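First the structure, in the form of structure tokens, and then the observations on it.
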Amino acid sequence: MRERQGEDGRPPGWRRPDASMSLLADLFSGRLDPGYAEAAARRAAAGRDAPRRGPLSGGGVLLVVLLLGVLLATAGAEARRGEPAAAERRSRLIGQIHARTAESDALQRRVDALRAETERLRADALARSAEGRRTRQDLAAAARGAAAVPAAGPALVVALADAPADGDARPGAGRVYDQDLQILVNGLWAAGATAIGVNGQRLTPTTAIRAAGEAILVDYRPLNGPYEVTALGDPGRIRAAYRGSAADRRLAGLRDRLRIRYGLRRAAHAALPAAGTLRLRYARPAREAGREGEETPG
């Protein structure tokens, strides 16, 4: 018995094998549901008639501009409000620096006066006996070696200064640094100088030449350029021994390459003050130092 067939000749209830894939088939073929097509057409027409608005368009842009203006105005007001306070603090700090420097200079003058008075009284006491006079001579030689007394005489003077301002524009180029002064001073000692001073500041065997920021410190006292290094002794002999030394070659090279000002001259007479107070150091036998480091039984 044959089954009933539909008008298209297929059995009742028959379905295409790809019926569940009809949506994908329509998408690939370019056919859309009429509802989808109508909605797409409406969106396209609205897009042509009205410009697309982003999150920062219109009122959003105006709000951002207003906020930026308020922030800039507030920052400017704070900066202007802080300028008088900063200027006042800077002025107060400069005043304190000048005051402390004046106090330090006054104390140094007092120390110099007391040292001179002490030396006079000691010389008077030692002059009363032959042994005292010999002791005085030994003390004088030690004081000269320690720069504890003023010194004067002929000298070789070395001038050192930064390059002119119109030179190399690189940061730090053409500047005199603390190591340049160190090398120069060591070269003058090696050339036979008996006493050395930098801008009138007397050097001792333990003097430190260092840098603090852009300042050069000699025994912790800041010095400003140009720098004048005075080497007491026979100027001709010191100059002959110094010329061509490692220090002279280095500074001459800096003068030729970076235009640092560097020159030598003789002085018939130069005077250097005594150096500051020295902190004395004593050598002790190793056994004594070891005993001092041992703990005392309780």
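These figures come from a predicted structure and were not determined experimentally.
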Legend entry - Shortest non-hydrogen separation from Leu232 to Ala270 and the atoms involved: CD2-O, 3.7 Å

Legend entry - Pairing residues for Arg120 by the salt bridge (charged side-chain N to carboxylate O under 4.0 Å, His left out) criterion, not counting sequence neighbours: Glu117, Asp124

Inset, instruction - Enter the distance from Leu181:CG to Asn199:CG here, rounded to the nearest 0.5 Å. - result: 8.5 Å

Inset, instruction - Would you give the length of the straight line joining atom CG of Leu126 to atom CG of Leu121, rounded to the nearest 0.5 angstrom? - result: 11.0 Å

Inset, instruction - Inspect the surroundings of CZ in Arg239 and state if more than 12 heavy atoms from other residues, nucleotides or ligands are less than 6.0 Å away. - result: yes

Inset, instruction - Identify the heavy atoms of Thr204 and Thr207 that sit nearest to each other, and give their distance. - result: N-OG1, 2.6 Å

Inset, instruction - Take atom CZ of Arg237 as the centre, draw a 6.0 Å sphere, and report whether it contains more than 12 heavy atoms from other residues, nucleotides or ligands. - result: no

Inset, instruction - With sequence neighbours left out, write down each residue that passes salt bridge (charged side-chain N to carboxylate O under 4.0 Å, His left out) with Glu88, or none if nothing qualifies. - result: Arg92

Inset, instruction - Identify the heavy atoms of Val198 and Val185 that sit nearest to each other, and give their distance. - result: CG2-CG2, 4.3 Å

Legend entry - Shortest non-hydrogen contact from Ile209 toward Asp178: CG2-O, 3.9 Å

Can you give each donor-acceptor pair under 3.5 Å made by side-chain atoms of residues 241-250, sequence neighbours left out, with the distance rounded to 0.1 Å?
unit_1, atom_1, unit_2, atom_2, d
Tyr242, OH, Tyr262, OH, 2.9
Ser245, OG, Tyr242, O, 2.7
Ser245, OG, Asp248, N, 3.4
Asp248, OD1, Tyr262, OH, 2.6
Asp248, OD2, Gly244, N, 3.0
Arg249, NH1, Gly244, O, 2.6
Arg250, NE, Asp180, OD1, 3.2
Arg250, NH2, Asp180, OD1, 2.8

Legend entry - Distance, nearest 0.5 Å, that separates CZ of Arg100 from NE2 of His98: 13.0 Å

Output side-chain donor-acceptor pairs under 3.5 Å for residues 136-165, partner residues at least two apart or in another chain, one line each.
unit_1, atom_1, unit_2, atom_2, d
Asp162, OD1, Val176, N, 2.8

Legend entry - Test side chain to side chain contact (heavy atoms under 4.5 Å, CB included) applied to Ile260 and Leu251, step by step: CA-CA 8 Å; Ile260 284 179; Leu251 295 175; over 6 Å; no

Legend entry - Residue pairs involving residues 183-197 (criterion side chain to side chain donor-acceptor pair (under 3.5 Å); sequence neighbours excluded): none

Inset, instruction - Heavy atoms only: give me the nearest Ala274-Arg202 pair and the separation to one decimal. - result: CA-NH1, 4.0 Å

Inset, instruction - Return the set of residues passing side-chain contact (heavy atoms from CB on, under 4.5 Å) with Arg128 (not counting sequence neighbours), or none when no residue passes. - result: none

Inset, instruction - Treating Ile, Leu, Val, Met, Phe, Trp and Tyr as nodes and any side-chain heavy-atom pair under 4.5 angstrom as an edge, say whether Leu272 and Ile238 lie in one connected cluster. - result: no

Inset, instruction - State the CD1-CZ distance between Ile216 and Arg210, to the nearest 0.5 angstrom. - result: 13.5 Å

Legend entry - Nearest heavy-atom neighbours spanning Ala212 and Leu217: CB-CD1, 3.8 Å

Legend entry - same_hphob_cluster(Val218, Ile183) at 4.5 Å side-chain heavy-atom cutoff: no

Inset, instruction - Would you tell me whether Ser104 and Thr101 have side-chain atoms, one donor and one acceptor, within less than 3.5 Å of each other? - result: no

Inset, instruction - Kindly indicate, with the supporting measurements, whether the criterion side chain to side chain contact (heavy atoms under 4.5 Å, CB included) is fulfilled by Leu93 and Arg89. - result: CA-CA 6 Å; Leu93 181 60; Arg89 288 194 297 269; over 6 Å; no

